[in-house]
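All values reported here derive from a predicted model rather than from experimental measurement. Quick note: numbers below take in every heavy atom, side chains included, and nothing from hydrogens, waters or symmetry partners. Note on naming: letters A, B, ... go to the chains in the order of the sequence lines (proteins, then strands), and numbering restarts at 1 for each one.
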Amino acid sequence: MLDLTANPLREGLQVERTPEPNTVVIFGASGDLTRRKLVPALYNLGLDRLLPNNFAVVGLARRPIPHDEFRRQMLEGVNAFSRNRPAQPEVWDNFAQGVFYSPGSFDDPAAYRQLGELLDRLDHERGTSGNRLFYLATAPEYFPVIIQQLGATGLDQSLGGGWVRVIIEKPFGRDLASAVELNKTIRAVLREDQVYRIDHYLGKETVQNILVFRFANGIFEPLWNRNHIDHVQITVAEAVGVEGRGGYYETSGVIRDMIQNHMLQLLTVLAMEPPVALEGDAVRDEKVKVLRAIRPINADEVDTWVVRGQYTAGAIAGKPVPGYREEQGVAKESLTETFLALKLHIDNWRWAGVPFYLRSGKRLPKRSTEIAIQFKQIPLSLFGRNAGGAIEPNILALNIQPDEGIALKFGAKVPGPAAQIHPVNMNFHYGTSFGVPAPEAYERLILDCLLGETALFTRDDEVEAAWTFVDRILAGWAQTRVKALPAYEAGTWGPPESHEFMGREGRKWRRL
Amino acid sequence: MAAVESKQVDPSAIERELMALWTAKSGPDGKAAMRACLLNLLVFAPDVSAGERARQVMADVLNRYPARAVLMIADREARASSLEAGVTLNCELRAGGGEEVCGEQVTLTAKGPAILDLPGTVLPLLLPDVPVFLWWQAGNPFSHPIFDHLVRAVDRVIVDSLTFAEPLASLANVAQALANERFPAAIVDLGWSRLSPWRVLTAQIFDPPTIRSHLAQLERARITYAEGSPMLAWLFGGWLASRLGWKPTHQAPGLMRFEGGQTIEFSPAPAGEVDPGYFLGLHLLTRDGAAFEVARLPHACAATRLAVGDLKTERVVPMHYETLTEWLGRELNRLSRTPLFEAAVRLLAQTRRAPAAPQGPM
């Protein structure tokens with residue numbers, strides 16, 4: 001008798017499984033994210049043969065437009081932004097047959113009833129089996145109302161026994177209180193296992209490779225602690241400015257835009273203990289422990305531990321760019337930080353005494369995201385003054401973008417009779433190995449959600465723990481009245497105060 | 001690409017030539033080109049023209065998989081006995097500038113009786129600590145006099161069943177080696193690798209539990225292939241039957257019969273855009289009237305189609321990975337055995353031993 005509890009044809013295939021039949025519903029379908037990232041990601045999953053036979057996409061936004069017009073707009077998006085572009089006509093035509101549009105306001109119950117009817121029809125006509133992924137690609141103020149309406153109209157459950165999942169884009173709250181409130185709203189309608197809070201940094205191959213690097217190699221994990229590591233620097237540098245989103249950035253600043261989510265997530269993956277299994281809650285249990293172990297920076301200590309900055313006019317790659325206060329939508333006397341550097345400690349047995357330095361900013365000289373682990377200096381140099389200066393410490397650099405890879409710096413002897421030591425780099429570049437292009441972060445994350453894999457999404461307690469840390473810094477800033485933030489010229493590595501801050505620590509920021 | 005030709009056959013001389021190439025690659029500032037080595041790749045080309053084809057594929061593969069590669073070209077036609085060596089660095093400039101990444105290639109051209117000297121020259125050239133792949137570029141390796149000697153140092157043998165001159169006999173050799181616990185290497189087949197996306201497409205149809213239940217009702221399968229060797233079609237049929245637990249009872253030309261009454265039919269069709277022997281499609285019918293299809297489409301696309309009751313759907317996907325470089329690259333990424341391939345080959349071997357239906361042998 002053939003056992004069909006699992007698909008017998010699936011065994012041993014490199015692609016382990018494809019999602020069950022489903023419909024992806026995108027709230028905020030007229031937005032940039034849908035056109036630039038989400039539909040191209042879905043199309044690329046189709047190209048990679050990772051979508052099921054029975055699949056549909058429904059866009060929902062306020063403006064009433066016909067299905068065909070929505071399809072045309074999405075094709076334009078794919079042709080402009082997909083990593084595989086232009087769209088392959090045969091594949092797009094077939095994909096587009098499963099793309100639909102449902103107009104309506106996010107707060108209008110009639111829009112949800114109409115959506116529900118369309119979804120039922122797709123279940124019947126396209127065999128999508130009642131499985132639904134609702135992607136909230138809207139401004140954050142709409143998250144509560146959409147979730148409440150999904151609950152009120154019964155779309156939070158699938159009558160056919162299928163699954164219902166919701167992806168929520170960042171920002172998840174703007175402080176601890178609003179994040180807690182949003183989690184409460186969500187919990188009133190959905191179970192936590194239905195909720196996928198997205199942080200696209202976790203979809204990047206190199207971030208996932210940190211887990212492989214740490215837990216699939218015997219030689220690194222024994223060194224991954226206070227006994228061998230001197231300090232860690234995490235840098236997320238952007239060359240771009242606010243790109244016409246001055247209004248949003250004024251309410252956000254780098255602390256909400258980068259630190260609370262992406263950088264603390266990088267930190268958790270880097271610093272967590274080995275999980276009992278590489279699956280959703282096991283990984284997230286360990287990540288949240290890291291966040292809870294971060295030593296709080298109290299309001300009156302903020303100036304000691306944190307440096308803010310704001311860019312002034314300067315040049316990026318030789319091209320003049322305006323200062324932050326001259327950007328559209330930005331107040332002339334804005335005190336929003338476009339640069340931030342901070343030091344934190346993780347108070348647990350593994351990391352006690354190891355400082356973690358985080359810095360991020362806009363209009364820095366180049367786009368670069370890197371985690372650098374500096375190992376402790378050797379206890380005693382055997383090579384004396386002839387060694388060519390002080391022996392440099394070993395550094396393991398995990399490059400997240402733009403060139404994903406890993407580099408290890410170590411000292412080597414320069415050939416010749418003298419014991420001269422020169423630092424050399426051993427590099428591994430994703431681009432030159434494996435011969436397989438890495439998928440976009442959104443592709444990986446959407447696929448994981450369709451498969452019900454939660455490890456790369458942020459859980460409610462993680463979000464709240466991250467805000468708990470950030471909230472104290474915000475409170476400190478609120479207490480300190482300043483008229484201007486330390487300035488840095490666009491195209492430089494942040495304000496001088498940031499370098500002085502590291503200087504006081506007896507260290508230097510890495511030159512990237 | 002840098003090249004230095006030599007007529008040395010002493011392995012240590014070859015090592016010295018390679019070292020000289022590396023030194024020559026160093027810049028004036030003493031900065032060396034980046035040396036990377038994922039594996040040892042031995043390639044056996046049974047004649048000069050096969051050697052040329054192998055050389056082209058290797059140039060492409062080695063840019064993606066930096067390796068120490070040894071190309072063995074056996075010039076059987078030559079009367080005189082000789083063995084010549086050449087060394088080359090295959091260098092690729094990293095995207096976005098930066099360091100060059102280089103792999104090493106040694107080419108050994110053996111003429112006449114010197115072909116038998118190839119293993120003795122090749123084996124000392126293998127680098128330790130990285131796996132050894134042997135790509136037998138064409139034909140059946142099992143009857144070749146140097147194969148036994150080479151295979152003892154190898155982790156994976158890569159054959160190409162589409163190039164087997166006598167498919168049935170060669171398949172029997174493969175089955176025999178797979179059954180032999182003392183055979184030292186894993187055997188993989190580029191023919192099998194070519195079928196990989198088609199197996200995925202077929203499996204995907206049956207991922208949803210509601211559709212999966214139809215697998216128990218399957219009655220007829222028809223596998224269409226481009227006129228030429230039926231090898232890929234057989235392997236696909238072997239995979240399908242072995243995964244579904246079908247036991248062969250009879251074989252006839254282009255047909256296999258199984259205990260439960262199921263049949264698999266193999267139909268050649270005009271090749272069109274693809275090479276002879278390539279997979280063209282699969283049609284599955286169930287006792288309850290459901291139909292499933294995987295079909296190669298023009299313009300490097302494929303379709304999967306379902307017709308179950310009222311539900312009729314079609315999905316079109318690209319199918320563009322079909323170059324020898326891609327297939328070989330995929331096999332170089334893996335180290336383990338391929339149990340599904342082995343099960344498919346075992347089933348085909350059993351089928352061959354099954355009684356003939358009145359029409360004659362398979």
Side-chain angles (χ1 to χ4, degrees), chain A residues 1-15 17-22 46-55 84 88-95 97-98 123-129 131 160 402-403 405 414-415 422 424-436, chain B residues 30 34 36 38 61 63-66 92 94-96 98-99 101 196-197 199-213 215-216 239-240 243-245 297-306 308 310-311 313-319 325-326 329-330 332-334 338-340:
Chain A
M1 186 68 185
L2 185 60
D3 179 8
L4 293 175
T5 45
N7 179 357
L9 302 182
R10 175 57 69 182
E11 191 181 302
L13 298 184
Q14 253 196 329
V15 181
R17 59 188 175 124
T18 36
E20 293 169 83
N22 69 82
L47 273 186
D48 288 343
R49 306 191 282 266
L50 294 170
L51 291 178
N53 272 286
N54 312 92
F55 178 73
N84 296 295
Q88 197 173 333
E90 296 84 356
V91 179
W92 173 262
D93 289 348
N94 180 261
F95 179 84
Q97 285 171 24
D123 284 344
H124 182 71
E125 288 176 4
R126 299 188 60 84
T128 44
S129 301
N131 297 318
D403 294 321
V414 178
H422 198 276
V424 291
N425 260 342
M426 197 156 70
N427 288 318
F428 158 77
H429 294 280
Y430 262 91
T432 56
S433 302
F434 301 125
V436 181
Chain B
M34 196 188 300
L38 294 174
V61 167
N63 281 338
R64 297 160 190 233
Y65 301 89
E92 174 84 345
R94 202 162 56 79
E99 304 93 336
V101 179
S196 168
R199 288 185 291 119
V200 171
L201 284 184
T202 307
Q204 281 178 331
I205 294 175
F206 298 98
D207 275 337
T210 49
I211 302 292
R212 192 183 309 150
S213 59
L215 281 175
W239 167 71
L240 188 69
R243 292 312 308 148
L244 297 176
L297 300 182
H299 311 298
C301 285
T304 49
R305 303 184 182 106
L306 285 78
V308 180
D310 290 344
L311 179 67
T313 63
E314 180 189 53
R315 179 175 67 136
V316 177
V317 293
M319 186 54 70
T325 307
E326 293 285 349
R330 281 167 180 236
L332 298 179
N333 268 338
R334 294 178 210 164
T338 43
L340 298 183

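Using a 4.5 Å cut-off between heavy atoms, L306(B) contacts chain A through its side chain alone, with no backbone atom that close. The contact between L201(B) and chain A is made entirely by side chain atoms (from C-beta outward), counting heavy-atom distances below 4.5 Å.
Residue P318(B) comes nearest to G46(A) through the heavy atom pair CD-O, 4.3 Å, listed as atom of the first residue, atom of the second, then distance. Residues R49(A) and P197(B) come closest through the heavy atom pair NH2-CB, 3.4 Å. Nearest heavy atom pair, residue C301(B) against residue Q88(A), reads SG-NE2, 3.4 Å. Residues L340(B) and E11(A) come closest through the heavy atom pair CD1-O, 2.9 Å. Between A203(B) and L13(A) the shortest heavy-atom distance is CB-CD1, 3.5 Å.
Residues N7(A) and L215(B) form a side-chain contact, since some pair of their non-hydrogen atoms from C-beta on lies under 4.5 Å apart.
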Is there a side chain to side chain contact (heavy atoms under 4.5 Å, CB included) between E314(B) and Q97(A) once you walk through the steps? CA-CA 10 Å; E314(B) 180 189 53; Q97(A) 285 171 24; 5.6 Å; no

Carefully, step by step, assess L9(A) and L244(B) under the rule side chain to side chain contact (heavy atoms under 4.5 Å, CB included). CA-CA 8 Å; L9(A) 302 182; L244(B) 297 176; 4.2 Å; yes

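Here S129(A) contributes atom OG and L311(B) contributes atom CG; the two are 8.5 Å apart, rounded to the nearest 0.5 Å. Taking CZ of R126(A) as the reference point, atom CZ of R315(B) lies at 11.5 Å (rounded to 0.5 Å). One finds the OG1 atom of T18(A) at 3.5 Å from the CG atom of D207(B) (value rounded to the nearest 0.5 Å).
Interface check for chain B: of the options L4(A), N131(A), N94(A), the most heavy-atom pairs under 4.5 Å are formed by N94(A).
Listed for the R243(B) side chain is a donor-acceptor partner under 3.5 Å among the backbone atoms of P8(A). Side-chain atoms of R212(B) come within 3.5 Å of backbone atoms of T5(A) as a donor-acceptor pair (strictly under, hydrogens ignored).
Residues forming a side-chain hydrogen bond (donor to acceptor under 3.5 Å, both in side chains) with N22(A) (at least two apart in sequence, or on another chain): none. With sequence neighbours left out, E125(A) forms a side chain to side chain contact (heavy atoms under 4.5 Å, CB included) with R121(A).
Neither side chain, N53(A) nor T313(B), offers a donor N or O lying under 3.5 Å from an acceptor on the other.
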